[in-house]
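Structure incoming, see below.
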Amino acid sequence: MPTGSANAVVGLHWGDEGKGKVCDLLAREHEVVVRYNGGANAGNSVVVNGERFALHLIPTGVLNPGTLLVVGNGVVVDPAKLLDEIGALEARGIDMSRLFVSDRAHVVLPHHKAEDELREAYLRDRLAAAEPGLHATGSPRIGQIGTTKRGIGPCYADKVQRAMAVRVGDLLRPDVLREKIDASCGYRDILFRELKPEGVPEPKAGEILETALAWGEALRARITDTTYLLHDRLAAGDRVLFTGANATLLDVDHGTYPFVTSSSCSALGIGVGTGVPTTRLGRVLGVAKAYCTRVGAGPFPTELTDELGDRIRERGREYGTTTGRPRRCGWLDLVATRYAAMLNGATGLALTMLDVLSGIGELRLCVGYHLPSGEVTERFLPDASELESVEPVWETMAGWDEDLGHVRTPGELPPAARAYVERIAAFVGVPVELISVGPDRAQTIEGRLG
Ligand code: GDP
Ligand code: IMO
Ligand code: MG
């Protein structure tokens with residue numbers, strides 16, 4: 001499909017699909033790259049000629065010289081992390097003068113991170129105290145989410161609660177900032193007093209205000225109304241790429257709630273997260289791994305808790321880019337992938353990590369769910385308590401032993417690998433337009449299958 005003026009790259013699973021690599025490749029065909037959701041919970045890796053970059057808040061197009069970089073209003077910005085990231089990239093010789101941040105993006109403050117820790121600790125303790133057998137499925141329905149502890153949930157909660165939330169534009173309005181920080185620290189005082197946190201620093205309004213004013217000064221030249229900026233660029237004929245952080249099954253509305261993040265991660269979030277209507281979108285590339293992974297808690301019907309899962313984890317180096325946590329690994333869930341492709345309006349699939357499946361033997365694909373009632377469904381069940389109780393309906397396919405790291409065209413793929421990719425495209429109903437066979441930019445197969 002030809003690249004239009006507004007296009008998107010989104011993750012179809014629970015994150016870490018390789019969006020960083022795919023965005024970096026697509027960014028070359030765009031003048032502007034925009035982040036529309038999430039915060040420093042994201043960890044998007046790009047490897048160029050063996051050199052690895054891990055991006056958290058800065059849009060992945062940064063490694064393409066000249067691309068304008070925009071952090072949209074839907075993002076929650078931790079300015080300390082953003083400034084660190086800018087500094088680290090500048091130290092590697094990358095021009096960062098082209099980065100702009102929405103004045104309407106929300107600011108993650110130190111007490112948001114403290115509250116994230118506290119809520120998780122509260123849920124952990126509550127779960128530990130729960131009577132055995134309390135939960136019918138044997139799995140917790142209420143428990144720790146396993147957040148990245150980057151303050152994401154509490155910051156988005158403040159945004160929706162409104163009155164005391166700090167937006168990036170407020171960093172340049174000392175009077176407004178003081179009032180908001182005073183009020184929000186006062187409110188946290190009440191909350192934290194009740195929970196009596198050990199080792200969690202109390203929010204100190206004076207210190208936070210001083211830090212926030214310094215952030216404002218450091219970011220002043222980058223803070224702008226990015227909605228107008230984007231519309232002006234589109235009107236001038238620039239091509240804009242929207243890059244989703246986190247992923248569709250972690251979407252606050254459409255993911256495996258409550259084991260999700262707090263933003264609209266799917267392409268549905270582009271409109272609210274940038275001010276550019278999704279009707280402008282041309283190509284939407286859904287990124288899916290050739291298997292599935294998940295970090296943190298929540299249902300994962302195809303999870304492999306045995307040696308094979310460990311093997312996939314080691315071969316795929318499945319450890320979190322942001323937190324270093326081992327990722328849970330499992331077979332590819334086609335029911336979930338098709339659901340995510342549907343929500344995003346995916347026009348194509350980017351299938352990553354195909355190289356990791358070499359030498360695994362026979363492969364399994366989940367093509368339906370057995371429900372507790374005995375029925376079988378091909379529909380995804382986004383509520384965690386329902387998804388928890390399904391058993392996969394499996395389809396098996398022959399594996400392959402060849403190393404795929406050097407394959408560059410669909411024709412060079414072993415027939416079994418090709419058949420696997422074609423089966424995925426057929427089930428999801430969307431063609432595979434890009435296959436990734438290694439972390440490096442160069443380890444990519446472009447060409448349509450399915
Ligand atoms: P993101 O959050 O979706 O951007 O993904 P991450 O960067 O967190 O995780 C993907 C990991 O897989 C990173 O370490 C990438 O360098 C690596 N990676 C990406 N594509 C491939 C691939 O096709 N094969 C292998 N073996 N690794 C890949
Ligand atoms: P990228 O962009 C993988 C998960 C966390 C946790 C849940 C909520 O690298 O794909 P949060 O800190 O957001 O409140 O955590 O969401 N999570 C991710 N998992 N990749 C991500 O981003 C994630 N962003 C959030 O592990 O289970
Ligand atoms: Mg990641």
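Note that the coordinates shown come from a computational prediction; the quantities given were computed from them, not determined experimentally. For ligands, and for the atoms within them, numbers begin at 1 and follow the listed sequence.
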* **NZ/NE/NH1/NH2 to OD/OE distance under 4.0 Å, Asp103 and Arg167** =>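 Looking at Arg167 together with Asp103, the answer is no, because their closest N to O distance does not fall below 4.0 Å.
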* To do: Determine whether more than 12 heavy atoms belonging to other residues, nucleotides or ligands lie under 6.0 Å from atom CZ of Arg317.
  =>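 No.
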* For atom 26 (O) of ligand 2, closest protein heavy-atom neighbour -> Arg325 NH2, 2.9 Å
* To do: Could you see which bit of Asn44 sits under 4.0 Å from ligand 1, with heavy atoms only: side chain, backbone, both or neither?
  => both
* Asked: Against heavy atoms of Val356, which atoms of ligand 1 measure under 4.0 Å?
  ->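 Those atoms are 26 (N).
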* Structure fact -> protein heavy-atom neighbour closest to atom 19 (N) of ligand 2 works out as Trp14 O, 3.6 Å
* For residues Tyr36 and Val71, determine if any side-chain heavy atom of one lies less than 4.5 Å from a side-chain heavy atom of the other. =>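 Side chain of Tyr36 against side chain of Val71, heavy atoms only: no contact under 4.5 Å found.
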* Examine Ala245 against ligand 2 and note whether any of their N/O atoms are separated by less than 3.5 Å. => no
* Below 4.5 Å, heavy atoms only, C-beta onward: do Val240 and Val276 meet side chain to side chain? -> no
* **Asp16 and ligand 1 - part of the residue with a heavy-atom distance under 4.0 Å** => both
* Supply the atom-to-atom distance Arg311 CZ to Asp306 CG, rounded to the nearest 0.5 angstrom. => 10.5 Å
* Where on Arg327 is there a heavy atom closer than 4.0 Å to ligand 1, on the side chain, on the backbone, on both, or on neither? ->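 Only the side chain of Arg327 comes within reach of ligand 1.
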* Asked: Does the side chain of Met96 come within less than 4.5 Å of Ile58's, by heavy atoms?
  -> yes
* Asked: How close does the nearest protein non-hydrogen atom get to atom 13 (O) of ligand 2, and which residue and atom is it?
  ->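 The closest heavy atom on the protein side is Thr261 OG1, 2.6 Å.
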* Give a yes or no on this: more than 12 heavy atoms of other residues, nucleotides or ligands lie within 6.0 Å of atom CG of Asn49. => no
* Thinking salt bridges, do Arg313 and Asp310 make one under a 4.0 Å N-O criterion? ->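 Looking at Asp310 together with Arg313, the answer is yes, because their closest N to O distance falls below 4.0 Å.
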* Structure fact -> Sorted by chain and number, sequence neighbours left out, ring pair (Phe, Tyr, Trp, His ring centres under 6.0 Å) with Trp215 holds for none
* Closest protein heavy atom to atom 27 (O) of ligand 2, given as residue, atom name and distance to 0.1 Å ->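 Atom 27 (O) of ligand 2 sits closest to the protein heavy atom Val295 O, 3.1 Å.
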* **Val76 vs Ile152 side-chain heavy atoms within contact, under 4.5 Å** =>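 A side-chain contact exists here, since the closest heavy-atom pair is under 4.5 Å.
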* Which residues share a side chain to side chain donor-acceptor pair (under 3.5 Å) with Arg327, sequence neighbours left out -> Asp16, Glu318, Thr321
* Between Val47 and ligand 1, is there a nitrogen or oxygen pair with a distance under 3.5 Å? -> no
* Asked: So, Arg150 versus Thr148: side-chain donor-acceptor pair below 3.5 Å or not?
  ->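 No, because no side-chain N or O of Arg150 sits under 3.5 Å from a partner of the opposite role on Thr148.
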* Asked: What atoms in ligand 1 come closer than 4.0 Å to a heavy atom of Val437?
  -> 23 (O)
* Within less than 4.0 angstrom of ligand 1, does Gly438 place any heavy atom? ->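 It does; at least one heavy atom falls under 4.0 Å.
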* Under a 4.0 Å heavy-atom limit, does Thr147 contact ligand 2 with its side chain, its backbone, both, or neither? ->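 For Thr147, backbone and side-chain atoms both sit under 4.0 Å from ligand 2.
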* ligand 2 to Gly15 polar contact by distance, N or O atoms, under 3.5 Å ->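 The answer is no, given that Gly15 and ligand 2 share no N or O pair closer than 3.5 Å.
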* Asked: Do you know the tightest heavy-atom contact between Leu26 and Leu434?
  ->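 Taking every non-hydrogen atom into account, CD1-CD1, 4.5 Å.
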* To do: Any atoms of ligand 1 less than 4.0 Å from a non-hydrogen atom of Asp355? List them with their elements.
  =>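 Close to Asp355: 22 (C), 23 (O), 24 (N), 25 (C), 26 (N).
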* Pick from Met353, Arg441, Glu318: the one approaching atom 21 (C) of ligand 1 most closely through a non-hydrogen atom -> Met353
* Asked: Counting from 1, what ligand 1 atoms have a heavy atom of Ser45 closer than 4.0 Å?
  ->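 What qualifies from ligand 1 is 4 (O), 6 (P), 7 (O), 13 (C), 14 (O), 16 (O).
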* Specify the protein heavy atom at minimum distance from atom 8 (C) of ligand 2: its residue, its atom name, and the distance to 0.1 Å. =>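 For this ligand atom, the closest protein heavy atom is Val260 O, 3.4 Å.
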* To do: For atom 6 (C) of ligand 2, grab the closest protein heavy atom and report residue, atom and distance to one decimal in Å.
  => Gly146 O, 3.2 Å
* **For the student: nearest non-hydrogen atoms of Leu349 and Val430, plus distance** =>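 Taking every non-hydrogen atom into account, CD1-O, 3.7 Å.
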* **ligand 2-proximal atoms of Arg294, by part, heavy-atom distance under 4.0 Å** => neither
* To do: Could you tell me if any non-hydrogen atom of Gly43 lies under 4.0 Å from any atom of ligand 1?
  => yes
* Over 12 non-hydrogen atoms of neighbours within 6.0 angstrom of CZ in Arg162 -> no
* To do: Quick one: list whatever passes ring pair (Phe, Tyr, Trp, His ring centres under 6.0 Å) with Tyr420, sequence neighbours left out.
  => Trp400
* Leu249 CG to Phe380 CZ distance, which is reported to the nearest 0.5 Å -> 5.0 Å
* To do: Provide the protein N, O or S atoms situated under 2.8 Å from the Mg ion (ligand 3); waters are not included.
  => Asp16 OD1, Gly43 O
* Could you tell me whether Ser436 and ligand 1 have an N or O pair separated by under 3.5 Å? =>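 Yes; at least one N/O pair falls below 3.5 Å.
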* If we only count N/O pairs under 3.5 Å, is Asp16 in contact with ligand 2? ->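 Min N/O separation from ligand 2 is below 3.5 Å for Asp16.
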* To do: Report the nearest protein non-hydrogen atom to atom 17 (C) of ligand 1: residue, atom name, distance rounded to 0.1 Å.
  => Pro439 CB, 4.1 Å
* Asked: Looking only at heavy atoms, is any part of Ile145 under 4.0 Å from ligand 2, and if so is it the side chain, the backbone, or both, or is it neither?
  -> both
* Protein residue, atom and distance nearest to atom 12 (O) of ligand 2, heavy-atom basis ->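 Of the protein heavy atoms, Thr148 OG1, 2.6 Å lies nearest.
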* Asked: Would you say the ring centroid of Trp14 lies under 6.0 angstrom from that of Phe259?
  ->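 Distance test on ring centres: not under 6.0 Å, no.
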* Asked: For atom 17 (N) of ligand 2, which candidate among Asn246, Leu55, Leu250 provides the closest heavy atom?
  ->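 Result: the heavy atom closest to atom 17 (N) of ligand 2 is in Leu250.
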* Does His13 have a non-hydrogen atom less than 4.0 Å from ligand 1? -> no
* To do: Can you sort out which atoms of ligand 1 are near Lys19, meaning under 4.0 Å from one of its heavy atoms?
  => 1 (P), 2 (O), 3 (O), 4 (O)
* Asked: Which of the numbered atoms in ligand 1 are below 4.0 angstrom from a heavy atom of Arg52?
  -> 13 (C), 14 (O), 16 (O)
* Structure fact -> Among Lys19, Glu17, Gln144, Arg150, the residue with a heavy atom nearest to atom 10 (O) of ligand 2 is Lys19
* Please indicate whether any nitrogen or oxygen in Asn44 is less than 3.5 Å from any nitrogen or oxygen in ligand 2. =>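 Right, the criterion is met.
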* Report the distance from atom OG1 of Thr444 to atom NZ of Lys21, rounding to the nearest 0.5 Å. =>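 Answer for the OG1-NZ pair, Thr444 versus Lys21, is 3.0 Å.
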* **Crowding at CD, Glu412 (>12 non-hydrogen neighbours, <6.0 Å)** => yes
* **Contact with ligand 2 for Gly43, non-hydrogen, under 4.0 angstrom** =>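 Within the 4.0 Å threshold, so yes.
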* Asked: Counting heavy atoms only, which part of Phe259 comes closer than 4.0 Å to ligand 2: side chain, backbone, both or neither?
  ->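 Contact part for Phe259 vs ligand 2: neither.
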* Looking only at distances, please establish whether an N/O atom of ligand 1 is found under 3.5 Å from an N/O atom of Gly18. => yes
